[in-house]
Colleague: 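Dropping the structure in here first, questions after.
In what follows, chains carry the letters A, B, and so on, assigned in the order in which the sequence lines appear, proteins first and then strands, with residues in each chain numbered from 1.
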Amino acid sequence: MRVSRLYAPTLRENPAEAEIISHQLMLRAGMMHKVASGIYTYMPLGWRVMKKIMDIIRDEMDKVGGQEICMPVVQPAEIWQESGRWQVYGAELWRVKDRHDRDFCLGPTHEELITSHIRNDVRSYKQLPMLPYQIQVKFRDERRPRFGLMRGREFMMKDMYSFDRDEEALDKTYWQLYQAYSNIFRRCGLNCRPVEADSGAIGGSGSHEFMALSENGESMILYCGSCDYAATDEIAAVEPVGIDQSEALSDVKEVYTPDCMSVDDVAAFLRIAPAKMVKTMCYQADDEVVAVLIRGDRQINEIKLQNILGCCNLVFATEEAVRAVGMEPGFCGPVGINKKIRVIVDTEVPLVVNHGCGAHKKDYHLMNVNYGRDYTADVIADIRMVEVGDACPYCGKPLLGARGIEVGQVFKLHTKYSSALGARYIDENSEEHDMVMGCYGIGVGRTMAAVIEQSNDQYGIIWPMAVAPYQVMILPVNDKDEWLVEQAEVLYKELLDRGVEVIIDDRHERPGVKFNDADLMGFPLRVTFGKKCRETGKVEVKVRASGEVIEVDLVGVADLLLDMIKKSL
RNA sequence: CGGGACGUAGCGCAGUUUGGUAGCGCACCUGCCUUGGGAGCAGGGGGUCGUAGGUUCAAAUCCUGUCGUCCCGACCA
């Protein structure tokens with residue numbers, strides 16, 4: 001490629017809309033254009049990177065027995081109604097109608113569709129496992145698209161679905177994909193960490209997210225510095241910590257606490273630590289109101305809570321709903337609570353001796369309350385949001401925190417979709433079983449953005465060799481020097497012939513402009529043809545990542561470049 | 001969906017308070033000059049001021065509606 005012909009409108013200044021570095025650099029390097037909020041055109045440089053990432057993915061998918069297919073973007077409503085997700089999926093599901101007023105949607109994911117194919121095509125255990133995958137555009141009408149490709153409404157995603165005969169086989173497939181994912185992100189040059197994750201609305205249990213570590217990540221992860229444990233803050237398990245456990249139980253005392261609605265108010269008013277309080281929060285879980293108890297200084301993890309309750313909708317109960325079950329908003333407590341209300345208690349609460357809590361009465365709290373003596377729970381469970389410094393659930397060492405970009409996720413779906421859509425097979429004994437499924441996604445654009453987040457400097461992008469849009473840039477400093485230009489052109493042709501992805505900056509520009517664009521676009525290797533070449537026959541090879549400059553004889557520079565490329569792949 | 005801000009040339013912005021010929025920098029085109037880190041000089045092209053309506057002799061500027069975009073929050077395979 002010649003830069004004079006390259007369709008890559010570079011910008012000297014950052015567009016105002018871009019907040020994070022990857023978004024800014026992609027726009028400045030002319031890799032993409034915004035079309036609408038969360039919808040982008042990939043320009044030639046951006047698309048070359050996308051294709052390289054996709055090829056790495058294909059290679060690893062094929063290695064584990066995957067077979068690439070391509071399913072449509074538009075899907076009929078029927079299969080979504082069959083799985084029940086037509087109702088469950090909210091406004092994020094982009095619904096459209098055809099000219100006959102029939103319902104369709106733009107696929108946000110393809111479990112329904114692939115399962116409907118497999119149920120028709122696969123009947124016998126002899127055909128399992130089956131591992132179809134695709135790299136396809138997905139649509140999710142996000143409430144708030146953000147950060148360029150990081151969270152778009154239209155985005156490129158690889159999704160594989162596995163169909164196995166039983167849990168044991170699924171487990172094997174799952175860990176093969178887990179390993180394949182580790183390979184993919186390593187080959188893309190990402191510093192990536194798999195973490196235990198919630199399986200979310202897609203259902204099922206057993207999931208890992210692959211997190212590219214980055215300050216700009218949208219997810220919080222907790223990990224242990226001493227062992228392998230790592231999890232998202234959504235599910236990270238925590239060990240309960242006791243408070244004043246040697247203290248003797250005291251008698252319950254009612255105290256007047258005017259205008260003290262929050263834990264902090266009460267704790268300040270009574271001069272006790274918030275950790276000595278227990279707060280009672282009321283949630284609307286589908287049709288039921290539940291009371292949830294947690295230590296005053298802790299936060300409830302609503303994902304853990306929802307998983308324990310097994311409900312679809314979990315929201316904070318309205319004041320009316322709270323009053324309707326006989327409680328006083330702001331002064332809720334577990335003692336003497338309406339017996340019809342389920343009480344969920346965090347594992348730490350029974351370990352707080354002589355704690356404070358609401359008295360069920362406006363402007364009053366109770367002191368010296370104790371679990372077991374004064375009240376009981378329907379469920380005791382870990383429903384607490386993890387905090388940095390909490391003990392690792394495996395080895396007890398303090399957990400560390402980091403932010404991450406979720407670039408991939410592997411799920412065990414079990415039989416959620418196969419049973420809903422009737423994907424069954426016949427075993428050796430002529431018995432029919434639901435297939436056991438898994439699904440495995442990778443955000444391609446997000447992976448590209450994550451690479452840039454992790455690999456850039458003040459001058460621009462620093463592409464790892466494996467995903468660079470071009471491996472080598474040839475840069476003749478002075479285009480008036482015909483001899484010099486000719487030497488550069490000879491090398492350009494030789495590299496092309498030898499299969500190197502090479503680009504030559506043949507523009508009539510001053511050197512500074514060329515150097516800056518080369519740095520911005522981030523090509524891993526740069527060969528500079530300058531005065532030195534005429535005087536000594538040497539050119540400069542500059543390594544973008546390290547800044548290292550090697551002076552080499554023009555003769556043999558192609559061999560050197562091929563060698564350097566090979567070593568960095 | 002709640003809160004905040006912004007829509008003026010491809011990009012970054014000024015002009016709006018106090019209505020009166022639409023501007024600056026970058027980019028682009030021509031010429032000269034320059035060629036190892038976004039040079040200089042001279043000339044030039046490009047904008048229904050998001051959009052619809054209203055007030056006014058006169059609207060980028062004031063009023064109303066509407067659309068879009070971004071940020072914070074809520075939400076999220």
Colleague: With heavy atoms under 4.0 Å as the rule, sort A:D519 into base, sugar-phosphate or nothing.
Modeller: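 It contacts base atoms.
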
Colleague: Please work out if A:H110 contacts a base, only the sugar-phosphate, or nothing of the nucleic acid, heavy-atom cut-off 4.0 Å.
Modeller: nothing

Colleague: Within 45 degrees of the ring normal and closer than 6.0 Å to the centroid, is that where the cationic atom of A:R95 sits relative to A:W80?
Modeller: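 No, cation not above the ring by the 6.0 Å, 45° rule.
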
Colleague: Between A:S22 and A:E453, is any side-chain donor less than 3.5 angstrom from a side-chain acceptor?
Modeller: yes

Colleague: Is the shortest side-chain N to carboxylate O distance from A:E60 to A:K158 below 4.0 Å?
Modeller: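 Salt bridge flag = no for A:K158 with A:E60.
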
Colleague: Over 60° means perpendicular and under 30° means parallel, so tell me whether A:Y181 and A:Y440 are parallel, tilted or perpendicular.
Modeller: perpendicular

Colleague: Quick one, which residues of residues 65-80 of chain A touch RNA chain B with a heavy atom under 4.0 Å?
Modeller: none

Colleague: Between A:Q136 and A:H110, is there a side-chain donor-acceptor contact under 3.5 Å, judged purely by atom types and distance?
Modeller: no

Colleague: What contact category does A:F155 fall into here, base, sugar-phosphate, or nothing, at under 4.0 angstrom with non-hydrogen atoms?
Modeller: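 Base contact.
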
Colleague: Look at A:K279 together with A:D297 and state whether they make a salt bridge at an N to O cut-off of under 4.0 Å.
Modeller: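 A:D297 and A:K279: not salt-bridged.
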
Colleague: Has A:S37 got a side-chain N or O lying under 4.0 Å from the OP1 or OP2 atom of B:G68?
Modeller: no

Colleague: Counting the atoms with a prime plus P, OP1 and OP2 as sugar-phosphate, which does A:E142 contact under 4.0 Å by heavy atoms, base, sugar-phosphate, or nothing?
Modeller: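 Here A:E142 touches no strand at all.
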
Colleague: Less than 4.0 angstrom between a side-chain N/O of A:R510 and OP1 or OP2 of B:A39, yes or no?
Modeller: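 Yes, such a contact exists.
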
Colleague: Picking from A:R507, A:R510, A:K514, A:H508, what satisfies side chain to side chain donor-acceptor pair (under 3.5 Å) with A:D479?
Modeller: A:H508

Colleague: Is there a donor and acceptor pair, one atom on the side chain of A:K480 and one on the base of B:U34, closer than 3.5 Å?
Modeller: yes

Colleague: Do A:K542 and A:E548 sit within salt-bridge range, that is, some charged N less than 4.0 Å from a carboxylate O?
Modeller: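 A salt bridge is absent here (no side-chain N lies under 4.0 Å from a carboxylate O).
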
Colleague: Could you check whether A:E540 gets within reach of a base, just the sugar-phosphate, or nothing at all, counting any heavy atom under 4.0 Å?
Modeller: base

Colleague: Ignoring hydrogens and angles, does a donor from either the side chain of A:R12 or the base of B:G37 sit under 3.5 Å from an acceptor on the other?
Modeller: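 Counting by modelled atom types and ignoring angles, no donor-acceptor contact under 3.5 Å is found here.
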
Colleague: Pick base, sugar-phosphate or nothing for A:D159, based on heavy-atom distances below 4.0 Å to the nucleic acid.
Modeller: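 Answer is nothing: A:D159 stays at 4.0 Å or more from every strand.
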
Colleague: If you take any heavy atom closer than 4.0 Å to RNA chain B, which residues from residues 548-556 of chain A end up in contact?
Modeller: none

Colleague: Please determine if a side-chain N or O atom of A:K531 lies less than 4.0 Å away from the OP1 or OP2 oxygen of B:G36.
Modeller: yes

